[in-house]
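The structure appears right after this line, and notes come after that.
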Number of protein chains: 2
Amino acid sequence: MSLKVRLNKSPKPPQTCLLTECMSVISGAWAPNVIWSLRSGPRRFNELRIDIPPISAKVLSARLTELTERGVIVRNVLPTSPPSVEYQLTELGQELIPALDAIVHVGYKLKDKGYIE
Amino acid sequence: MSLKVRLNKSPKPPQTCLLTECMSVISGAWAPNVIWSLRSGPRRFNELRIDIPPISAKVLSARLTELTERGVIVRNVLPTSPPSVEYQLTELGQELIPALDAIVHVGYKLKDKGYIE
DNA sequence: CGGCATCCCTGTGGATACTG
DNA sequence: CAGTATCCACAGGGATGCCG
């Protein structure tokens with residue numbers, strides 16, 4: 001009997017270059033939208049859920065945690081009676097805005113020429 | 001007996017906003033790397049495989065097809081004896097470079113501060 | 001309100017082999 | 001050389017439910 005160990009996953013992660021690493025920050029599902037929503041100021045958890053229509057709480061939570069760990073946003077617990085939490089971009093996070101802007105800029109052109117949507 | 005149709009997938013795609021749409025262009029695995037590799041000129045299929053270390057032929061092929069359909073790169077078959085194919089960025093594709101640049105720029109800062117890698 | 005835990009399904013990508 | 005075909009593993013997300 002052959003053991004036939006199928007080792008599909010590459011042992012080493014796919015070449016952790018800077019581009020790939022940083023892309024991972026903004027390419028989790030909805031991550032760009034979260035950043036985008038925060039561009040104009042702090043937002044609360046449920047505000048974000050409404051801003052970004054069909055995002056599930058789980059994923060929003062995951063992204064917020066992740067982005068927080070990456071130093072892109074900060075979590076701010078407000079001492080109100082129904083406890084509320086604010087998120088906002090850090091200085092570092094704000095630097096992502098131009099990047100997203102550039103992407104959206106290209107997005108317009110892609111749309112114009114009918115390549116997307 | 002309940003049929004219990006588990007309809008996990010959202011009927012409508014996740015809010016096709018421009019940002020999301022355009023992100024999808026560059027967020028397939030390796031897509032940014034492909035674009036990055038092409039930034040300094042046309043490359044051949046196998047050159048790209050070497051440039052982008054552990055990319056599988058399948059995925060490279062998939063990304064190239066996809067990017068071609070999206071109008072970001074063009075395919076160029078050269079009439080050499082061992083047939084070779086060149087890929088290069090379109091004008092539109094070149095506009096993605098600044099976006100990636102911006103991302104890499106932030107990447108450096110993230111790295112500096114130890115948030116990634 | 002904010003946000004885990006669970007459960008399950010799909011898409012995406014890797015390995016390998018094969019074709020023109 | 002430049003791919004395509006098949007097969008499969010797995011991470012990432014959606015739904016739902018529960019908790020402080």
Side-chain angles (χ1 to χ4, degrees), chain A residues 2 4-15 20 23-34 42-69 73-88, chain B residues 2 4-15 20 23-34 42-69 73-88:
Chain A
S2 84
K4 192 176 185 183
V5 178
R6 292 189 110 288
L7 188 54
N8 264 355
K9 291 288 92 176
S10 53
K12 55 177 177 181
Q15 184 219 25
T20 306
M23 279 301 296
S24 78
V25 172
I26 59 173
S27 54
W30 305 113
N33 303 76
V34 170
R43 304 288 278 164
R44 306 235 316 274
F45 189 87
N46 271 355
E47 287 178 324
L48 288 171
R49 289 193 66 179
I50 293 167
D51 284 348
I52 310 171
I55 191 175
S56 63
K58 174 190 156 189
V59 173
L60 177 52
S61 178
R63 285 296 86 76
L64 289 171
T65 305
E66 198 178 293
L67 291 173
T68 302
E69 283 168 359
I73 62 178
V74 284
R75 205 182 109 110
N76 223 337
V77 182
L78 305 178
T80 52
S81 65
S84 54
V85 184
E86 264 186 5
Y87 293 90
Q88 61 183 308
Chain B
S2 82
K4 190 176 186 183
V5 178
R6 290 191 111 289
L7 188 56
N8 263 355
K9 291 288 91 178
S10 53
K12 55 176 178 183
Q15 185 217 24
T20 306
M23 280 301 295
S24 79
V25 173
I26 58 173
S27 54
W30 306 114
N33 304 76
V34 170
R43 302 291 276 165
R44 306 236 315 274
F45 188 87
N46 271 355
E47 287 179 324
L48 288 171
R49 290 192 66 179
I50 293 168
D51 285 348
I52 310 170
I55 191 176
S56 63
K58 174 188 156 188
V59 173
L60 178 53
S61 177
R63 285 296 85 74
L64 289 172
T65 304
E66 197 177 293
L67 292 172
T68 302
E69 282 167 0
I73 63 178
V74 284
R75 204 183 111 109
N76 223 336
V77 182
L78 305 179
T80 52
S81 66
S84 55
V85 183
E86 266 187 5
Y87 293 90
Q88 60 183 310

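A, B, ... follow the sequence lines: proteins, then strands. Residue 1 opens every chain. Bear in mind the structure is a predicted one, so any value in this text is a computation, not a measurement.
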How long is the line joining [atom1] of [X] and [atom2] of [N], in whole Å?
X	N	atom1	atom2	value
Phe45(B)	dT4(D)	CZ	P	8 Å
Asn46(B)	dA2(D)	CG	C1'	7 Å
Arg43(B)	dG3(D)	CZ	P	15 Å
Ile55(B)	dG13(C)	CD1	P	9 Å
Arg49(A)	dG13(D)	CZ	C1'	14 Å
Ile73(B)	dA2(D)	CD1	C1'	14 Å
Asp51(A)	dG2(C)	CG	P	12 Å
Trp30(A)	dG13(D)	CH2	C1'	10 Å

Worksheet item: 5'-most contact on DNA chain D: Ser56(A) or Leu64(B), nearest heavy atom basis?
Response: Leu64(B)
Response to the item:
Tested for side-chain contact (heavy atoms from CB on, under 4.5 Å) against Arg43(B), the lone hit among Asp51(B), Ile52(B), Val85(B) is Asp51(B)
Compare the minimum distances between each of [options] and the side chain of [X], then state the nucleotide with the smallest one.
X	options	value
Ala29(B)	dG13(C), dG3(D), dG2(C)	dG13(C)
Thr65(A)	dG13(D), dC4(C), dG2(C)	dC4(C)
Ala57(A)	dC4(C), dG3(D), dG2(C)	dC4(C)
Val59(A)	dG13(D), dA2(D), dG14(C)	dG13(D)
Lys58(B)	dC7(D), dT4(D), dG13(D)	dC7(D)

Discussion item. What verdict does the side chain to side chain contact (heavy atoms under 4.5 Å, CB included) test give for Ile73(B) and Tyr87(B), after you've listed the backbone C-alpha separation in whole Å, the side-chain angles of each residue and the deciding distance to 0.1 Å?
Written reply: CA-CA 7 Å; Ile73(B) 63 178; Tyr87(B) 293 90; 4.0 Å; yes
Worksheet item: Does a side-chain N or O from Arg44(A) land closer than 4.0 Å to OP1 or OP2 of dG2(C), or not?
Response: yes
Item to complete: Would you please confirm or rule out a distance under 4.0 Å between OP1 or OP2 of dG3(D) and any side-chain N or O of Ser61(B)?
Response: no
Residue pair [X] / [Y], side-chain heavy-atom distance below 4.5 Å:
X	Y	value
Leu48(A)	Leu64(A)	yes
Trp30(A)	Leu60(A)	no
Met23(B)	Thr20(B)	no

Practice prompt. Could you tell me whether Pro83(A) contacts a base, only the sugar-phosphate backbone, or nothing, with contacts defined as non-hydrogen atoms closer than 4.0 Å?
Written response: sugar-phosphate
